[in-house]
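Working notes for the structure below.
Chain letters run A, B, ... following the sequence lines, proteins first, then strands; residues in each count from 1. For the numbers below, each heavy atom of this structure counts, side chains included, while hydrogens, waters and symmetry mates do not.
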Number of protein chains: 2
Amino acid sequence: MKGNREKLEENALNAVQVGGLKSISFRTMAEEIGIKSSSVHYHFPDKSDLARTLIERYSEEFFRALKDISNKRWKLRSKIKAFIEIFESVAEANKLCLCGMLAAEVEQLDQSNRALLSEYFIDTEKWIVQLLNEHPDEIISDISPTALARSLLSGLEGALLLDRVVGDRQRLKAQKELYMSYFS
Amino acid sequence: MKGNREKLEENALNAVQVGGLKSISFRTMAEEIGIKSSSVHYHFPDKSDLARTLIERYSEEFFRALKDISNKRWKLRSKIKAFIEIFESVAEANKLCLCGMLAAEVEQLDQSNRALLSEYFIDTEKWIVQLLNEHPDEIISDISPTALARSLLSGLEGALLLDRVVGDRQRLKAQKELYMSYFS
DNA sequence: GTCTATATACAGATAGAC
DNA sequence: GTCTATCTGTATATAGAC
């Protein structure tokens, strides 16, 4: 019962997480669901509009998952673990985080999409900082919550990037070991 | 006194670190130094050959810099600091590490270039591990040298990626603060 | 080593019919 | 919402002259 717009979005999201925005075209998007490229333009006027849709869709789903973690877990350690596991599930599909991939292509994005990307990273860091501030007694470190949040998120994005090239999950595993050691 | 091949390599290296391999063409490369695209093909038969040249060139220069750090510094802390500063100088030019950028585009690379990319990351991690093993008494951590090396490198690559989008140097700064706290 | 010229393919995008 | 048809630009790549 999925409409074509929905199919296009899902396929494009996956393809961009694998190969980047420049790796997809209106033609290939169309072919994959059996329509013509001009019909894709009906749903997404241009590539910038498509990118915006994907970033918004990905962000919404991501922050919904973060909210879930905040609500359904008790200990800081368990929350951080669940957060890292989101990235592990991306790695298992041999993809990057959508925003991590687009970050490499930022020069090809317009200003409004760059702003959306930046917002994704900043808001994720804010979510981590809030977590840490809610459980100050469970943190084993002198590093500030802000610095911890920034290094954790960029560390996970980098781990996805390198692990996919090397062909294992060792960097994600190392990041997990490192950051779990910060929480009792 | 630079030959055209040298000019092409330098321009391409910079352009790929900024916008990725898919953002450059034989045409634009040619125009930037005032020749025709067919002449670029004389120097680099195809894009795969160009990519290989860039990875090898970048890796050689990078590992020469690492050797320099190994030789000219005494304390582990000073060596790690110098290593991180290599990434800071890349960030200042608003670029990514060449191999970090190509890691995002790995699906568009052939097998031999993927192997070169992987080698770059693995060899860098080995260099860090060796450093750590040479100064066991200067490490303040229970994390294994291997895990530290893997998380440090992927953390720095991720920091370059995110900082460029957000438009500051905060993630690189956070990584530096975090890892410097591991060494006396 | 560099050129002109060209082959071939694919890209984003739009007009207008149904 | 989807189609056919088309415009325009750009890509990789090669043949052959100079």
Side-chain angles (χ1 to χ4, degrees), chain A residues 1-55 57 98 101-102 104-114 116, chain B residues 1-55 57 101-102 104-114:
Chain A
M1 286 298 112
K2 260 178 253 176
N4 277 344
R5 187 188 162 97
E6 180 66 11
K7 286 187 202 166
L8 287 168
E9 276 185 31
E10 280 179 12
N11 287 349
L13 179 57
N14 187 69
V16 172
Q17 286 187 254
V18 171
L21 195 65
K22 292 205 88 171
S23 80
I24 65 166
S25 70
F26 284 90
R27 274 170 164 70
T28 58
M29 286 173 64
E31 278 162 16
E32 267 166 44
I33 67 162
I35 61 174
K36 295 294 171 182
S37 72
S38 52
S39 304
V40 179
H41 280 283
Y42 169 81
H43 296 288
F44 310 99
D46 53 38
K47 232 177 175 187
S48 162
D49 187 82
L50 173 63
R52 182 185 49 72
T53 302
L54 296 182
I55 300 170
R57 181 196 173 105
L98 176 79
M101 177 62 86
L102 293 180
E105 297 179 294
V106 70
E107 288 280 319
Q108 278 84 52
L109 300 178
D110 61 23
Q111 281 307 119
S112 83
N113 280 327
R114 289 183 195 190
L116 287 176
Chain B
M1 287 296 112
K2 261 180 250 175
N4 277 344
R5 187 188 162 96
E6 179 67 11
K7 286 187 202 164
L8 287 168
E9 276 185 31
E10 280 179 13
N11 287 350
L13 179 57
N14 187 69
V16 172
Q17 285 186 255
V18 171
L21 195 64
K22 292 205 86 170
S23 80
I24 65 164
S25 71
F26 284 89
R27 272 171 165 68
T28 57
M29 286 173 64
E31 279 162 17
E32 268 166 42
I33 66 162
I35 60 173
K36 296 295 173 180
S37 72
S38 52
S39 304
V40 179
H41 280 283
Y42 168 81
H43 296 287
F44 310 99
D46 53 37
K47 230 178 176 184
S48 163
D49 186 83
L50 172 63
R52 182 185 49 71
T53 303
L54 296 182
I55 300 171
R57 181 195 173 105
M101 178 63 86
L102 293 180
E105 297 180 293
V106 70
E107 289 280 319
Q108 277 85 51
L109 300 179
D110 61 24
Q111 281 309 118
S112 83
N113 280 328
R114 288 184 197 190

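Atom-to-atom, CD of B:E6 to P of C:dG1 comes out at 13 Å; the value is rounded to the nearest Å. Rounding to whole angstrom units, CD of residue A:Q108 and P of D:dA11 are separated by 12 Å. The CD1 atom of A:I24 sits 12 Å away from the C1' atom of C:dA11 (whole-angstrom rounding). Here D:dT12 presents its P atom at 15 Å from CG of B:D110, a figure rounded to the nearest Å. What separates NZ of B:K22 from P of D:dT10 is a distance of 17 Å, to the nearest Å. Rounding to whole angstrom units, CZ of residue B:F26 and P of C:dT6 are separated by 22 Å. We find that CG of A:L50 is positioned 14 Å from C1' of C:dA11, with the value rounded to whole Å. If you measure from atom CZ of A:R27 to atom P of C:dG12, you get 8 Å, rounded to the nearest angstrom.
For the pair A:K22 (side chain) and B:G20 (backbone), a donor-acceptor distance under 3.5 Å is absent. With B:R5 contributing its side chain and B:H43 its backbone, the two residues share a donor-acceptor pair below 3.5 Å. Remark: side-chain polar atoms of A:N11 are not paired, donor with acceptor, to backbone N or O of A:E32 under 3.5 angstrom. Of the possible donor and acceptor atoms, one in the side chain of B:K47 sits under 3.5 Å from a partner among the backbone N and O of B:I24.
One finds a side-chain N or O of B:N4 lying less than 4.0 angstrom from the OP1 or OP2 phosphate oxygen of C:dT2.
With a 4.5 Å cut-off on side-chain heavy atoms, B:S48 and B:N113 count as touching.
Ionic pairing of A:E31 and A:K36 is not present here: no N-O contact between side-chain nitrogen and carboxylate oxygen is shorter than 4.0 angstrom.
For the segment residues 28-42 of chain A, the set of residues with a heavy atom within less than 4.0 Å of an atom of DNA chain C comprises A:S38, A:H41, in numerical order.
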